[in-house]
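Single-structure report; data block below.
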There are 2 protein chains.
Amino acid sequence: MYKTIKEILQNPTLGSEITVKGWIRTKRSNGKISFVEINDGSNIKGIQAVINEEDPNFQEIELKKFTTGASISLTGILILSPAKGQTHEIKTTSFNIIGEVNQETYPLQKKRHTFEFLREIPHLRIRTNTFGAVFRVRNQISYKIHEYFQKNGFIYINTPIITSNDGEGAGEIFRVSTLDLDSISREKKVNFKDDFFGKEAFLAVTGQLHGEAYAMALSKIYTFGPTFRAENSNTTRHASEFWMVEPEVAFFTLEDNIKLAENFLKYILSNVLNDCSQDMEFFENFIEKGVIKKIEDVINSKFEVITYTQAIKILENTDKSFEINPCWGMDLQTEHERYLTEEVFQKPTIVIDYPKEFKAFYMKMNEDNKTVKGMDILVPRIGEIIGGSEREDNLDKLNKRIKELNLDVKTLNWYLDLRRFGSTPHAGFGLGLERLIQYVTGMANIRDVIPFPRTPSNLYF
Amino acid sequence: MYKTIKEILQNPTLGSEITVKGWIRTKRSNGKISFVEINDGSNIKGIQAVINEEDPNFQEIELKKFTTGASISLTGILILSPAKGQTHEIKTTSFNIIGEVNQETYPLQKKRHTFEFLREIPHLRIRTNTFGAVFRVRNQISYKIHEYFQKNGFIYINTPIITSNDGEGAGEIFRVSTLDLDSISREKKVNFKDDFFGKEAFLAVTGQLHGEAYAMALSKIYTFGPTFRAENSNTTRHASEFWMVEPEVAFFTLEDNIKLAENFLKYILSNVLNDCSQDMEFFENFIEKGVIKKIEDVINSKFEVITYTQAIKILENTDKSFEINPCWGMDLQTEHERYLTEEVFQKPTIVIDYPKEFKAFYMKMNEDNKTVKGMDILVPRIGEIIGGSEREDNLDKLNKRIKELNLDVKTLNWYLDLRRFGSTPHAGFGLGLERLIQYVTGMANIRDVIPFPRTPSNLYF
């Protein structure tokens, strides 16, 4: 395999002949000497090639093809660079422009573009510094998520994307079907026996329930895959398709779950600061001033743990005014979450023991019969980043809750089996990958941390 | 975090008090001493606990709850085992049956079950030895796939699951929609402007095209995610939802691609033999005699590379009779592929340069204008395991091919941009994760290597 610029710069062999393959970012020339920056996406910084235009090997007509975006293979000698801001450069001996670019029609000129404009060309925006950095960080976080769980004995499970489970109130869902919509019966209701699976099918909103089945045999598992919401909400934090990590552990209580989540989050954050230092420097300089210290503070803090009831008391007793006044029994709003984590505790804050009314049916009931063993991790500037709970492991209590909420017990019978046969306490949580990337990079809009984002009325390619 | 049985046995501390948490597999008793095997899914082998039933701490009523499938927390002293087949056992000092099992209604008794029966209880079959081993191997392969690409400087990209691209002939596809099928217009054709994305949306059959856009900026990328086929085929090798790995590399030719695929495959196979030795021993003994040697042979062989034209000549000149007679211009059947790899070369065989007629529009045309730079890797016993190609990087040739095949050039215009602006040679391949797991474990049916398999008319939970 040819060496990437990152690999060349990690182990530079001065004086040796090297070949780089990439795309031209900039070219400066004084008519005699050209300075060309080549980037191949492996690094935020490319490498500079110096071309002596008077060298008889270099024909003028070829030199004219050196425009932004053109692909090139270039060979030369690696030398120390006298210029500022770079350690090495290439003294060019030969080159070959592979793919040219018509500068009139190329949408990515050197000038700056708005993120809004770039969202309309998701297949090209990855060629910019910002998006290169975002997707290198996304790669690193994704890999470290796997590494963390593998090191700790978790088994990776691919829970199904197509499911007959309608999400049990986790939000609006997408239907999956092969029915020809133009020719379905105009007379009567649709009969899903005729559909591909012989029944209604949807895109999964979570892998948790299926993951629990696997945790009840393999003990420590995690899922990491795409999940879907058909909510018609246009915010900077919601996408219709996003990736979620969901560990689930048998014999775990809420307290174990809290420790796991804190330890996990710190591992990912420490690694991204170490492994993506150049990209993080870019975000510090151009996207969010202070982002590195923000992350360091999280790594070095002991997360605060408070109950929902304590949180409400704090919110009721402050002089701060909120758009929505908090009172016991209502869900916390983002403004409340941010106040708690940013102003009161000034560090990540874990709120536990929420009223059962606005939490999912599967959360373990506390002895007060009013609150459940749920947990939300709130972080400064973004609010909730992790949501989890200990699960109800008692068959009778779970059955009772399903009836109270009028859920379809027939479609949940398999899930109840997990409480019928060798039930154990167990707990887990979900982390939205994109929100974590937003938090780490400072990117304000979730559309800018997903390669091809999907939102209401928006589907590019 | 509590220690799993695997962790305990990896670093056994003789004479120390340990606690294991898991599920009872078997219990043997002579009325005075009981031998209980506990498994927590971390290992194919559990750990045996010895219980002195005459110990006054152990009440008879509790001992009766020791049935297959019950969950237990058990504490005792780790000692060397005098029994065969195990190195250590636990001298029990206390225990707690956490979740009981009604043996009358529990579908998993000690006796053997058919895979067909177990497919109807996908939430419970993971509690058997076979499925524990399959999903530990699946975990290991998945992680090593990431590790291989990360070590080699590839960047992981999540290509979209929901796409407006209809797959360009890669097979039948699923529609994704939020339209209420019972209330869509009975008068006229469906207007997809009213649908969630304002246009038709489908589940992706491949991430390749989107991956190419990212390779044209980051150079070396890979995707690893779920893909979908709505084909109505009930075979042991087809599922409607499966996971695929798709690397894509800028500046790569077909030859580079072949080297990458061979190197990659050998890395994964070597690692699974090393890291999952106990599970592989299980497959050797109970699923496919000779499976370990089969894999070792692949690791130690230099893959054969032949052109399609050479392959057809070999097939035409053999005395062997086929159900379908091979001739130039037709696609190779599985019987042909298996003959080539099992009988002629007796090792993995890469067939390249296929007739353009039955390969995808994006494959790079050879100079003969008849064949394309495609490659299929065939392995003994299974046939095709990897399919890939060098991509057509010439705008005019790609345009011509799109027109010849009557594809919708409008929906592919973004893809053509990749050839308009800084085009480069590039290549990649796709590996179906489940087929690789089938190959490694010897499991005959793809339904038994996916946690919750989806096939026509089959959708459990």
Side-chain angles (χ1 to χ4, degrees), chain A residues 4 7 21 23 40-42 69-71 98-99 101 106 123 126-127 139 142-143 146 150 153 155-158 160-162 164-165 174-178 181-182 186 189-190 196-199 201 210 213-214 217-219 226 230 241 243 251 414 417 421-424 451-452 454 457 459 461, chain B residues 4 7 21 23 40-42 69-71 98-99 101 106 123 126-127 139 142-143 146 150 153 155-158 160-162 164-165 174-178 181-182 186 189-190 196-199 201 210 213-214 217-219 226 230 241 243 251 414 417 421-424 451-452 454 457 459 461:
Chain A
T4 60
E7 287 160 346
K21 300 179 183 215
W23 293 266
D40 66 1
S42 62
S71 57
I98 299 170
V101 163
Y106 191 45
H123 59 310
I126 180 60
R127 303 176 178 202
N139 168 69
S142 297
Y143 185 54
H146 280 294
Q150 294 290 332
I155 293 173
Y156 180 41
I157 300 298
N158 296 129
I161 309 302
I162 301 175
S164 60
N165 189 308
F174 289 103
R175 176 185 301 286
V176 174
S177 172
T178 55
L181 299 197
D182 281 325
R186 299 312 205 221
K189 283 209 155 201
V190 174
F196 189 86
F197 294 108
K199 60 170 88 164
H210 299 88
Y214 270 63
L218 302 178
S219 296
E241 174 180 325
W243 281 61
F251 307 103
W414 69 273
D417 274 354
F421 308 123
S423 185
T424 74
F452 295 83
R454 274 74 178 99
S457 302
L459 180 63
F461 327 139
Chain B
T4 60
E7 287 160 346
K21 300 179 182 215
W23 293 267
D40 66 1
S42 62
S71 57
I98 299 171
V101 162
Y106 190 45
H123 60 309
I126 181 62
R127 302 177 178 201
N139 168 69
S142 297
Y143 184 54
H146 280 294
Q150 295 289 332
I155 293 173
Y156 180 41
I157 299 300
N158 297 129
I161 310 300
I162 301 174
S164 60
N165 188 307
F174 289 103
R175 176 185 301 287
V176 174
S177 173
T178 55
L181 299 197
D182 282 325
R186 299 313 206 220
K189 284 210 155 198
V190 175
F196 189 86
F197 294 108
K199 61 170 88 165
H210 299 87
Y214 270 62
L218 302 178
S219 296
E241 175 179 325
W243 280 62
F251 308 103
W414 70 273
D417 273 355
F421 307 123
S423 185
T424 74
F452 294 83
R454 274 73 177 98
S457 302
L459 181 62
F461 326 140

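Lettering of chains follows the sequences in order, A, B, ..., and the numbering in each one begins at 1. Just so you know, these numbers come straight off a predicted model, no measurement behind them.
Heavy-atom pairs under 4.5 Å with chain B peak, among A:Ser219, A:Gly198, A:Ser42, at A:Ser219. Per-residue counts of heavy-atom pairs under 4.5 Å with chain B were compared for A:Phe452, A:Tyr214, A:Tyr106; the largest is that of A:Tyr214. The candidate from A:Ala70, A:Ser177, A:Gly69 with the greatest count of non-hydrogen atom pairs under 4.5 Å with chain B is A:Ser177. For the options A:Val176, A:Val101, A:Asp40, heavy-atom pairs under 4.5 Å to chain B are most numerous at A:Asp40. For the set B:Asp417, B:Ile157, B:Asn158, the entry with the most heavy-atom pairs within less than 4.5 Å of chain A is B:Asn158. Considering only heavy-atom pairs separated by less than 4.5 Å from chain A, the leading option among B:Pro226, B:Ala201, B:Gly99 is B:Gly99.
A:Ala213 and B:Ile126 get closest at one heavy-atom pair: O-CG2, 3.9 Å. The two residues B:Tyr156 and A:Asn139 come nearest to each other via the heavy atoms N-OD1, 2.7 Å. The two residues A:Leu181 and B:Leu181 make their nearest non-hydrogen contact at CD2-CD2, 3.8 Å. Taking both residues in full, the closest heavy atoms of A:Gly41 and B:Ile155 are given as O-CD1, 4.0 Å, listed atom of the first, atom of the second, then distance. In plain terms, the two heavy atoms of A:Phe461 and B:His210 that are nearest each other are C-NE2, 3.6 Å. Smallest separation of non-hydrogen atoms from A:Trp23 and B:Gly422: NE1-O, 2.9 Å.
Using cut-offs of 30° and 60° for the angle between ring planes, the A:Trp414 and B:His123 rings count as perpendicular. Aromatic ring orientation, B:Tyr143 versus A:His146: tilted (interplanar angle from 30° to 60°).
Using a 4.5 Å heavy-atom cutoff, the side chains of A:Phe251 and B:Ile98 are in contact.
Aromatic ring centres of B:Phe197 and A:Phe174 lie closer together than 6.0 Å.
Interface residue A:Ser142: only side-chain heavy atoms are found under 4.5 Å from chain B. Heavy atoms closer than 4.5 Å to chain B are found in both the backbone and the side chain of A:Lys21.
Atom-to-atom distance recorded for A:Glu241:CD and B:Ile161:CD1 is 5.0 Å, nearest 0.5 angstrom.
Judged by distance alone, the side chain of A:Arg454 and the main-chain N or O of B:Ile162 form a donor-acceptor pair under 3.5 Å.
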